[in-house]
Structure formats: structure tokens, C-alpha cells
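Reviewing the structure listed below.
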Amino acid sequence: MKKREISFRVFDGSGPLSIYWTDGPYGDAVESTSGKWVAWISPSGDTLGVEFDDVNAAKDHQELTLTNGEMVAVDVTKGKVKVHRSRVTRKIG
């Protein structure tokens, strides 16, 4: 796994933000039901990359929960991006 690569393409104050944790190729993307992001997940369940469709460069917070149980969140302040990854645990009962 390589160091994450962030690509934030801002057009008129907002734009798509992509984060990749591995080198390509990535294969087919999985789209969210809301249509606001896509993710690339390996057959073994590893997150290869994600893309948020529209992120505000001035200030924004977005998060997505992937089918592999991982949550990826981004916080943007004045064009600087912070990425948070965690495992989502489900409560049974």
C-alpha cells in the first residue's frame, strides 16, 4: 500500500475530490445510492480509492460508509483536506 494520493479539482469554489490508497488499475466503481460518491474496492475487500462528487473548497465535511465496513470522511477548510478512515462496527441485538 502506498501513501494516499489526494486529487482535489476545484472549479468555482467546489469540485470532485479523489483519494487513492493503491496504484491502479481499479476496475469497476461502486456508486452510492445517493449518487454523491463512488468507491473502488478490491475483490478481497480492501478500499483502493474513493471519489466525492462535489466538495466545497472553503469549508465542507462529508463521509461515506462502504460495503466493506469502512467509513471514509473528509474535512476541508480553506482548501486543505484532512482524511479520516475507520471501521464501522454494527451493534447486534
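Predicted model, so just to flag it, every value in this text is computed and none were measured.
Remark: Glu51 CD to Arg9 CZ distance equals 5.0 Å, nearest 0.5 Å. Interatomic distance, OH of Tyr20 versus CD1 of Ile6, reported as 11.5 Å (0.5 Å rounding). Here CG of Asp75 is found 9.0 Å from CD of Glu63. Values are rounded to the nearest 0.5 Å.
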Checklist entry - What's the verdict on side chain to side chain contact (heavy atoms under 4.5 Å, CB included) for Leu17 and Val76, showing C-alpha distance, side-chain angles and the deciding distance? => result CA-CA 10 Å; Leu17 187 146; Val76 179; 4.3 Å; yes

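Test Asn56, Asp54, Asp60 against Ser14 for side chain to side chain donor-acceptor pair (under 3.5 Å) and you get one pass: Asp54.
For the pair Glu5 and Ser18, the minimum side-chain heavy-atom distance is 4.5 Å or more. Annotation: side chain of Glu70 is in contact with side chain of Arg87 (closest heavy-atom distance under 4.5 Å).
Taking each heavy atom of Gly15 and Phe8 in turn, the nearest pair found is O-CE1, 3.7 Å. Looking at every heavy atom in both residues, Gln62 comes nearest to Phe52 through OE1-CD2, 3.5 Å. In plain terms, the two heavy atoms of Leu48 and Tyr26 that are nearest each other are CB-CD2, 3.7 Å. When all heavy atoms of Gly45 and Asn68 are compared, the closest pair comes out as O-ND2, 2.7 Å. Of all heavy-atom pairs between Thr47 and Trp21, the closest is CG2-CZ3, 3.8 Å.
Legend: residues meeting side chain to side chain contact (heavy atoms under 4.5 Å, CB included) with Val30, ordered by chain and number and at least two apart, are absent.
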